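The figures here come from the full heavy-atom set of this structure, side chains too, leaving out hydrogens, waters and symmetry mates. Ligands are counted one by one from 1 in listed order, and the atoms in each one are counted from 1 as well. If you're wondering where the values come from, they're calculated on a predicted model, not measured in any experiment.
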Amino acid sequence: MRTELYIDGQWTRPLKGGTFPIVNPATEEVVHHGPLGTAEDVELAVRAARRAFDQGPWPKMPGTERAKYLRAIGAGIRDRLQELARLETIDNGKPLPEAEWDIADAAGCFDFYADLAEGLDKKPEEAITLADGRFVSKAVKEPVGVAAAIIPWNFPLLMAAWKVAPALAAGCTMVLKPAELTSLTALELGAIAQAADLPPGVLNIVTGAGSVAGQAMVDHPDVDKLAFTGSGPVGSRIMQAAARDIKRVSLELGGKSPFIVFDDSDIDAAVEWVMFGIFWNQGEVCSATSRVLVQEGIYDRFMDRLVEETKKIKIGDGQEPGVLLGPMVSEKQMNQVLAAIENARTDGAKVTVGGGRPAGFNKGYYVEPTVLTDVPLDSDAWKEEIFGPVVCVRAFKSEDEAVALANDSRFGLAAAVMSKDDARADRVAAALRAGIVWINCSQPTFTEAPWGGYKQSGIGRELGRWGLENYLETKQITRFVSEEPWGWYIK
Ligand code: TAP
């Protein structure tokens, strides 16, 4: 576990010498003290990134060359998969098999953007002949510049990969700040980049508090682009700060995503995907399908199976085999989730399963998987993101009613629909106001496909070719090719 920041290709102690405790949420033990970067360290990191962009080889290098570094980083992650997954579980609490999945996905993300970096070289420049052939214009793609990435704690290395890989592929340089709660694997990414001989300053990693190090990145005039994933309120502040200097900004914020289950669905398949949609990663998932709408014909049978299966979920330290639900990331997050459940009760919701801390644990920030019913539509439990293993289930009669309930939200990140009737599923998918719609499943996420939200769930798209566009500018180059003079002043 690292004690230094990764700036300009070197490991350096934070200038103010601070550290912060890193706590394993399963045991509440302090497992390490991480390096507490401050605005002074961010200054060095942004300067290094600026130098690497303005004077270094990185942005001018052919995409095929950058791709080699990206592939080396992907391979470096894969070589250390088990070790990185264990760090992720200690830091975040998630079950080890889920952490292994995340790390493999992070490696795959670097491979994918290596392919896209190569594609940048191959792409024919778009030539447009204008004004009766007197001008020829072409559009070329260039990197945006210095990007600052601020990421949350729910998928630590994977969220880093979603931003670092496309930014580097595009030719940007970057300063990355992971969440203070989960900094371990982001620092290892620095070591992997260093081992891949990434030129100094291309990737800089500063750990520290969002309000200090994060804010310094957001406010820095030499940063061209802000890429943020996290809560709505911080996203809004970042957008306001970006407005001041017209920085490019992409935001991936929260959600309260609906899952509509029609009564022609296979009940076990529906229960399986509904559970995966909310209990996977302890429900600490921006796209978690936390509002489930079940058609009345199968509601009782669905609920019986959901309750039965939810009670069987093995809770525990993510490092223990067979555990499917680890602790919440922090004591604060656990208390927030427990408070949301209590508020729901006060508002009249019924706690059908779970609802508190599980019995038999002396330590650890555990919350039971919880199913709420009779949740009032105007309550916070129905409307606001809980970011924990808490699902609200409600019956509906008609397709129109389900779509109206699903869309009645200020969020629009994801949605899911389950039906054996493909035409109905397609119709509902088209009617849902969300950036991601899953049919007959919930949550599978692929590096190749666009990811991002409608409404207050964010701005811009990550992943796929859309993720690369986040870090590219489009330049018009227009040449005057006519044999005839322009003839405006000089006739
Ligand atoms: P946020 O405060 O939004 O944290 C996300 C990232 O932003 C972290 O790296 C954080 O740093 C940083 N940050 C915080 N304040 C900042 C500022 N003023 N300037 C720049 N960066 C700043 O989320 P949280 O406090 O961890 O969680 C709060 C709630 O947000 C959760 O309960 C959950 O509902 C929601 N949440 C949503 C998501 C997604 S993916 N939608 C992810 C995480 C949390 P530090 O954490 O190191 O201070």
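Protein heavy atom in closest approach to atom 42 (C) of ligand 1: Pro152 CB, 3.3 Å.
The proximity of Ile151 to ligand 1, defined as any non-hydrogen pair under 4.0 Å, is limited to the backbone. For Asn154, every heavy-atom contact with ligand 1 shorter than 4.0 Å involves the side chain, none the backbone. Within the 4.0 Å heavy-atom criterion, the part of Gln333 lying near ligand 1 is the side chain and not the backbone.
The side-chain tip of Arg461 does not point at the ring of Trp451 from less than 6.0 angstrom away and within 45° of straight on.
Considering Asp41, Thr12, Leu5 as possible partners of Pro35, the one that fulfils the side chain to side chain contact (heavy atoms under 4.5 Å, CB included) test is Leu5. Of the options Thr182, Thr229, Asn281, Leu181, a side chain to side chain contact (heavy atoms under 4.5 Å, CB included) to Asn154 is made by Asn281 and by none of the others.
Heavy-atom proximity to atom 29 (C) of ligand 1, evaluated over Gly214, Gly255, Ser231, is greatest for Ser231. Considering each of Ala209, Gly210, Ala149, the one bringing a non-hydrogen atom nearest atom 16 (C) of ligand 1 is Gly210. Nearest to atom 11 (O) of ligand 1 by heavy-atom distance, out of Arg237, Gln336, Lys177, Glu180, is Lys177. Checking Ala288, Ala213, Cys286 against atom 39 (C) of ligand 1, the nearest heavy atom belongs to Cys286. For atom 27 (O) of ligand 1, the nearest non-hydrogen atom from the set Phe387, Trp153, Phe155 comes from Trp153.
Within a 6.0 Å radius of NZ in Lys314, more than 12 heavy atoms belonging to other residues, nucleotides or ligands are found.
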Glu43 vs Arg47, salt bridge (Lys or Arg N to Asp or Glu O under 4.0 Å): CA-CA, chis, key distance, verdict: CA-CA 6 Å; Glu43 180 60 37; Arg47 262 194 242 159; 3.2 Å; yes
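Close approach of ligand 1 to Leu253 (heavy-atom distance below 4.0 Å) involves ligand atoms 41 (N). Close approach to Gln215 involves these atoms of ligand 1, each under 4.0 Å from a residue heavy atom: 17 (C), 18 (N), 19 (N), 20 (C).
Remark: side-chain polar atoms of Arg66 are paired, donor with acceptor, to backbone N or O of Trp58 under 3.5 angstrom.
Not close to ligand 1: Leu181, with no non-hydrogen atom less than 4.0 angstrom away.
Aromatic rings from Trp438 and Phe259 are positioned such that their centres are separated by 6.0 Å or more.
Using bins of under 30°, 30° to 60° and over 60° for the plane-to-plane angle, the ring pair Phe276/Trp280 lands in the parallel bin.
Distance check on atom 4 (O) of ligand 1: every protein heavy atom falls at or beyond the 4.0 Å cut-off.
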